[in-house]
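Structure, as structure tokens:
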Amino acid sequence: MSSQRDRGRVYFDHNATAPLRPEARDAMLAALDLVGNPSSIHADGRAARDCVETARERVARLVGAMPSEVVFTSGATEANNWVLTSGWDRVLISDVEHESVLVPGRRSTAEIIPLPVLTSGEVDVGRIADHVLCGPGTGRDLVTLQYANNETGIVQDVAAVAGFCRAHDVAVHTDAVQAAGRLPLQFDALNVDFMSVSAHKLGGPKGIGALIIRDGVTIPNAISGGGQERSRRSGTENVAAIAGFGAAAAAALRDISHMSGLQQMRDAFEAELKVLTPEAVVVGEDAPRLANTSCLAVPGLRSETLVIKCDLAGFSISAGAACSSGKASRSHILMAMGLDDKVVNGAVRLSLGWTTSKADLESFLKRWRELSGGATPLGQTVRMETSSHRRAFP
């Protein structure tokens with residue numbers, strides 16, 4: 001199968017979905033030849049069960065959890081919905097959460113307490129503490145706080161929030177979809193009770209994810225029936241997708257040390273773009289960010305127009321979250337940060353990953369003035385200066 005680059009395209013949308021890793025494809029193809037049902041006790045069933053449990057161990061290692069804490073789901077959206085609708089009295093939700101957290105929160109029976117963010121995009125930890133301390137103390141309160149934002153890459157201090165909440169008998173859930181495979185994760189050390197992850201953000205197949213549930217923590221079962229996933233989510237497991245998830249998790253964990261090289265490439269790219277377009281804004285530039293994410297805006301430009309122009313030029317970028325039914329709309333995340341309307345309306349995201357090369361970013365910079373409305377001087381050469389390092393991802 002040819003790559004995006006082979007077809008004359010450059011892919012900068014890893015936060016929406018990462019290209020399938022070859023290790024994941026191979027694992028899925030092998031799993032498709034396993035004829036047995038993982039719940040069957042004969043040799044064919046045991047072979048399928050071994051495949052599922054191997055993948056469970058790999059996902060557990062990726063997030064620093066025990067295999068018994070990993071429950072496979074159809075993706076992070078299901079995992080988030082499962083947690084948010086589990087009968088809480090109060091749910092504290094940051095204003096920059098993904099829609100798969102915000103929407104089920106609004107539809108739940110819980111009292112919803114919105115948590116504003118600072119202009120840096122980081123949640124106001126003091127505000128969380130105030131709400132926790134004035135709570136009823138029923139043990140049925142939940143704080144949900146994303147680990148890293150899908151649009152800006154801004155990283156939240158989940159450990160600090162979770163440590164405080166645990167001391168006050170408040171449960172904590174983190175949507176770690178964007179962080180998994182890009183930051184070292186230790187589920188136990190974080191002190192969270194629930195963590196959502198998804199395969200397709202790190203090079204696994206679409207339609208498979210997991211909810212990590214701390215051992216000893218109970219919530220209502222997601223699906224009742226045959227008793228699969230320790231009765232928490234019944235139904236015959238999607239063995240091939242689970243195998244692909246496990247293989248992608250192992251590959252992402254192996255490559256996590258390359259993130260420093262990717263960050264160097266990202267930082268050099270942003271610096272060069274600001275030389276070409278001094279009025280450009282890098283959202284969250286001074287906040288802790290994922291190494292792979294660059295949210296850019298040129299005041300006066302329309303994000304949807306820029307996305308289309310880049311698409312026609314062979315660059316896949318995005319405006320906002322790709323999970324919003326393919327629609328380009330004003331970002332609730334950027335608005336929550338209090339950014340100027342001109343920035344919100346012109347913001348686009350480039351998210352890098354295991355397929356990204358320095359040459360990809362240089363090719364984008366060569367076309368940037370043209371794409372953003374200016375003219376690139378004939379014969380202009382753009383060269384990104386970075387610290388000496390090998391290409392982050394072959």
Side-chain angles (χ1 to χ4, degrees), residues 10-16 95-96 117-122 148-155 262-322 327-352 356 358-386:
V10 177
Y11 190 76
F12 289 135
D13 206 13
H14 282 249
N15 284 10
D95 289 341
V96 293
V117 295
L118 307 172
T119 55
S120 65
E122 298 166 274
N149 189 263
N150 55 299
E151 293 186 31
T152 65
I154 292 170
V155 178
L262 196 66
Q263 181 170 338
Q264 289 180 18
M265 294 197 324
R266 191 273 313 272
D267 290 348
F269 162 76
E270 290 178 348
E272 183 62 35
L273 186 138
K274 290 174 73 174
V275 169
L276 295 172
T277 314
E279 66 272 25
V281 175
V282 178
V283 178
E285 185 175 20
D286 297 323
R289 277 189 297 161
L290 294 174
N292 80 312
T293 305
S294 184
C295 183
L296 309 164
V298 178
L301 291 184
R302 300 289 300 185
S303 56
E304 57 267 34
T305 301
L306 187 53
V307 168
I308 292 170
K309 290 176 71 173
C310 287
D311 187 32
L312 293 173
F315 300 102
S316 296
I317 70 171
S318 69
K327 298 181 293 185
S329 57
R330 285 171 58 84
S331 166
H332 73 275
I333 292 164
L334 302 186
M335 289 190 290
M337 293 172 64
L339 295 175
D340 185 270
D341 283 349
K342 291 182 179 179
V343 174
V344 175
N345 292 335
V348 296
R349 181 192 68 196
L350 280 72
S351 49
L352 321 179
T356 307
K358 182 178 172 182
D360 292 335
L361 292 167
E362 288 179 337
S363 67
F364 184 84
L365 287 170
K366 289 177 182 178
R367 301 290 301 276
W368 170 248
R369 292 285 297 279
E370 170 193 344
L371 294 168
S372 62
T376 303
L378 185 63
Q380 175 178 320
T381 299
V382 177
R383 183 176 299 278
M384 291 166 48
E385 298 297 335
T386 65

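Just so it is clear, the model here is predicted, and its values are computed rather than measured.
Atom CG of Asn149 sits about 8.5 Å away from atom SG of Cys295, to the nearest 0.5 Å. How far OG of Ser316 is from CZ of Phe12: 9.5 Å, rounded to the nearest 0.5 Å. A distance of 10.0 Å separates CG in Leu118 from CD1 in Ile154, rounded to the nearest 0.5 Å. The line from CZ of Arg367 to SG of Cys310 is 9.0 Å long, rounded to the nearest 0.5 Å. Taking CE from Met265 and CG from Asp360, the interatomic distance works out to 8.0 Å, rounded to the nearest 0.5 Å. To the nearest 0.5 Å, the span separating CG on Asn345 from OG on Ser303 amounts to 7.0 Å.
Side-chain contact between Lys342 and Leu301: absent, with no pair of heavy atoms (C-beta onward) separated by less than 4.5 Å. With contacts defined as side-chain heavy-atom distances shorter than 4.5 Å, the pair Leu339/Val283 qualifies. Two residues are said to be in side-chain contact when any heavy atoms from C-beta on lie closer than 4.5 Å; Val10 and Phe364 fail this criterion. Within the 4.5 Å cutoff, no side-chain heavy atoms of Asp95 are placed close to those of His332. Counting heavy atoms from C-beta outward, Ser363 and Phe315 have side chains that approach closer than 4.5 Å. Side-chain contact between Glu151 and Ser331 is present, with heavy atoms from C-beta onward closer than 4.5 Å. By the 4.5 Å heavy-atom criterion applied to side chains, Glu272 and Leu365 are counted as neighbours. A heavy-atom distance below 4.5 Å is found between the side chains of Ile333 and Asn150.
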Test log, rule side chain to side chain contact (heavy atoms under 4.5 Å, CB included), inputs Asn292 and Asn15: CA-CA 9 Å; Asn292 80 312; Asn15 284 10; 2.9 Å; yes
Intermediate values then yes/no, side chain to side chain contact (heavy atoms under 4.5 Å, CB included), Lys274 and Val282: CA-CA 9 Å; Lys274 290 174 73 174; Val282 178; 3.9 Å; yes
Stepwise side chain to side chain contact (heavy atoms under 4.5 Å, CB included) test for Leu371 and Lys309: CA-CA 6 Å; Leu371 294 168; Lys309 290 176 71 173; 4.2 Å; yes
Chi angles and distances behind the side chain to side chain contact (heavy atoms under 4.5 Å, CB included) call for Leu296, Val281: CA-CA 6 Å; Leu296 309 164; Val281 175; over 6 Å; no
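Smallest separation of non-hydrogen atoms from Ser294 and Glu270: OG-OE2, 2.7 Å. Pairing each heavy atom of Glu122 with each of Ala287, the nearest pair is OE1-CB, 4.2 Å. In terms of heavy-atom proximity, Gly121 sits nearest to Val96 at O-CG2, 4.5 Å.
A donor atom on one side chain and an acceptor atom on the other are found under 3.5 Å apart for Arg349 and Ser318.
Remark: the backbone N or O of Thr293 is paired with a side-chain donor or acceptor of Arg289 at under 3.5 angstrom. Judged by distance alone, with hydrogens and angles left aside, the side-chain atoms of Arg266 form no donor-acceptor pair with the main-chain N or O of Leu352 at under 3.5 Å.
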